[in-house]
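Working notes for the structure below.
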Amino acid sequence: MPGFLSWISGLFSSPQPAPPTPEVRLFNPSPLNPEIDSPDRAADLTRQLEDHLFCWLLDCEPTALQADPAGLEEVLAELGRRLHSQAMEELPRQPMSLPMLMRALSDDSTDRHKLTDIILRDPSLTDQLLQIANSPYFRPGDHVIESVDQAVFVLGVEGIRNVISAAVMRPMMAARNSREALFGQRSWRWGLTCARAAELIAKIQHEDTSAHFMVGLLPSLAYITVRRELQRICRTNTGNREPEPALIRHALARYQWATCQTIANEWNLPPKYHAYLLAAERPVPLSRHTPLTDGMVIGTREVLRHAHQRNLAEEDLPTVLRLTPEQISNVRRALQVMLREGGRSNVRS
């Protein structure tokens, strides 16, 4: 009878709810050894780091991120619809010169003069490239780089690849008004730091440094894109209302990686760029971290530390990174020099 009674009681019991879908995270550390590593500990640390990042980017207190904005799900649903139906009005279009530049840079037979000619065909890119090349984030010495040809010569092919990536994205990150000025400025600094961290780690691991630099910039571009699209939705739904920090935080957390993939697709970036983004969003269990995964964590930590914000304790870095103590120290030192020099410069970067 016990089996029969269990069957009868089962008819009247309410079905068990499905487990909630885990929230998409910016940082997704994967334990290499589940018996030793604590995935919960690493997840807690990176979740705190992500919250600190949002507080800094949105210039708000933690309590503002915990608010429950009116119409939250309605706005997020509309944002998701626009994203998945390719209807986002703020999606950055592919820069006209990018396909030709990427082909030239991937061709070993491309010489300095040919690359210079391609860049000079786009006056706006030329102006941006010289500004970026002369910023402390890229300039190797104290001498001013005065021409594109000189930039290619001084920085080399690898260096100019990264400058081109930054020069292509910088105008898209420029603030359109005073309301997004601070967010755009901080997002750009964060993006550059994460991109440089991913590049440095890729070099350690003998991976493609320039590809990791570009994908390291994409999350910051995705953030400004999502924020601008939210503004459009809020103006339509509520009439010229700025989205609240909590709403922006939910939108960024939910759609950050999907927006990165959409931009990469819109720009026809090579398949490996999509693979790098996917590995950072959904790492394979027991796999080693990619340069982008660790670069986002250490880049975020250092940019927050430089801005005197809450961040990640130094002793916790080995828990969330898959780098040796010496490698962590070397990457941190390089990022600190970059941020320190960038803070002293008047050159717009």
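One-based numbering along the sequence shown.
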Inset, instruction - Tell me, please, which residues at least two apart from Tyr273 pass ring pair (Phe, Tyr, Trp, His ring centres under 6.0 Å). - result: none
Inset, instruction - Report the C-alpha separation of His274 and Gln261 in whole Å, then their side-chain angles, then the decisive distance to 0.1 Å, and conclude whether the side-chain hydrogen bond (donor to acceptor under 3.5 Å, both in side chains) test is met. - result: CA-CA 6 Å; His274 292 273; Gln261 291 282 12; 2.7 Å; yes
Given side chains that start at C-beta, do those of [X] and [Y] come closer than 4.5 Å, heavy atoms only?
X: Leu247; Y: Cys234; result: yes
X: Leu76; Y: Arg254; result: yes
X: Pro62; Y: His52; result: no
X: Leu129; Y: Ile160; result: yes
X: Tyr223; Y: Leu218; result: no
X: Leu200; Y: Leu335; result: yes

Give a yes or no answer on whether the side chain of [X] reaches the backbone of [Y] with a donor-acceptor pair at less than 3.5 Å.
X: Asp316; Y: Leu312; answer: no
X: Asn28; Y: Arg282; answer: no
X: Trp267; Y: Pro92; answer: yes
X: Ser220; Y: Arg189; answer: no
X: Arg25; Y: Thr46; answer: no
X: His212; Y: Asp208; answer: yes
X: Gln150; Y: Glu146; answer: yes

If the condition is side-chain contact (heavy atoms from CB on, under 4.5 Å), which residues does [X] pass it with, not counting sequence neighbours?
X: Cys194; result: Trp190, Met296, Thr300
X: Gln309; result: Trp56, Leu304, Ala307
X: Arg103; result: Pro99, Met100
X: Thr259; result: Leu83, Ala222, Thr225, Val226, Tyr255, Ile263

Legend entry - Within 6.0 Å of CD in Glu326, more than 12 heavy atoms from elsewhere: no
Inset, instruction - Give every residue pair that meets the salt bridge (Lys or Arg N to Asp or Glu O under 4.0 Å) criterion with at least one member in residues 54-66, sequence neighbours excluded. - result: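 Listed by first then second residue: Asp59-Arg186.
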Legend entry - Summary of salt bridge (Lys or Arg N to Asp or Glu O under 4.0 Å) pairs that have at least one residue in residues 109-123, sequence neighbours excluded: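 Pairs touching residues 109-123 that pass the test: Arg112-Asp149.
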Going by an N to O cut-off under 4.0 Å, is there a salt bridge joining [X] and [Y]?
X: Arg332; Y: Glu314; answer: yes
X: Arg82; Y: Glu89; answer: yes
X: Arg228; Y: Glu180; answer: yes
X: Glu50; Y: Arg301; answer: no

Legend entry - Test side-chain hydrogen bond (donor to acceptor under 3.5 Å, both in side chains) applied to Asp127 and Gln131, step by step: CA-CA 6 Å; Asp127 179 59; Gln131 289 189 40; 3.1 Å; yes
Inset, instruction - Check the hydrophobic clustering (I, L, V, M, F, W, Y; side-chain heavy atoms under 4.5 Å; chains of links allowed) and say if Val297 and Ile328 are grouped together. - result: yes
Legend entry - Linked, directly or transitively: Leu120 and Leu98 (ILVMFWY side chains, under 4.5 Å): yes
So which atom in [X] and which in [Y] form the shortest heavy-atom distance, rounded to 0.1 Å?
X: Ile201; Y: Pro291; value: CG2-CA, 3.8 Å
X: Leu230; Y: Ala251; value: CD1-CB, 3.5 Å
X: Pro95; Y: Val168; value: CG-CG1, 3.1 Å

Legend entry - Row check, Phe27 ring normal vs Arg47 NZ/CZ: under 6.0 Å, within 45°: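 The answer is no; the distance or angle limit is not met.
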Just to verify, what does [X] make a side chain to side chain donor-acceptor pair (under 3.5 Å) with, not counting sequence neighbours?
X: Arg176; result: Glu90
X: Asn330; result: Arg333
X: Thr293; result: Thr290
X: Ser187; result: none

Legend entry - Atom pair OG/CZ of Ser147 and Phe153 - distance to nearest 0.5 Å: 11.0 Å
Legend entry - Chi angles and distances behind the salt bridge (charged side-chain N to carboxylate O under 4.0 Å, His left out) call for Glu199, Lys203: CA-CA 6 Å; Glu199 175 203 7; Lys203 186 175 182 179; over 6 Å; no
Inset, instruction - Fit a plane to each ring of Phe138 and Phe213, take the angle between them on a 0 to 90° scale, and name the class: parallel (under 30°), tilted (30 to 60°) or perpendicular (over 60°). - result: perpendicular
Legend entry - With Arg161 via salt bridge (charged side-chain N to carboxylate O under 4.0 Å, His left out) - residues at least two apart: Glu158
Inset, instruction - Check step by step if side chain to side chain contact (heavy atoms under 4.5 Å, CB included) holds for Leu105 and Ile164. - result: CA-CA 10 Å; Leu105 289 167; Ile164 288 171; 3.9 Å; yes
Legend entry - Working for salt bridge (charged side-chain N to carboxylate O under 4.0 Å, His left out), residues Glu229 and Arg232: CA-CA 5 Å; Glu229 197 71 28; Arg232 285 182 175 270; 5.1 Å; no
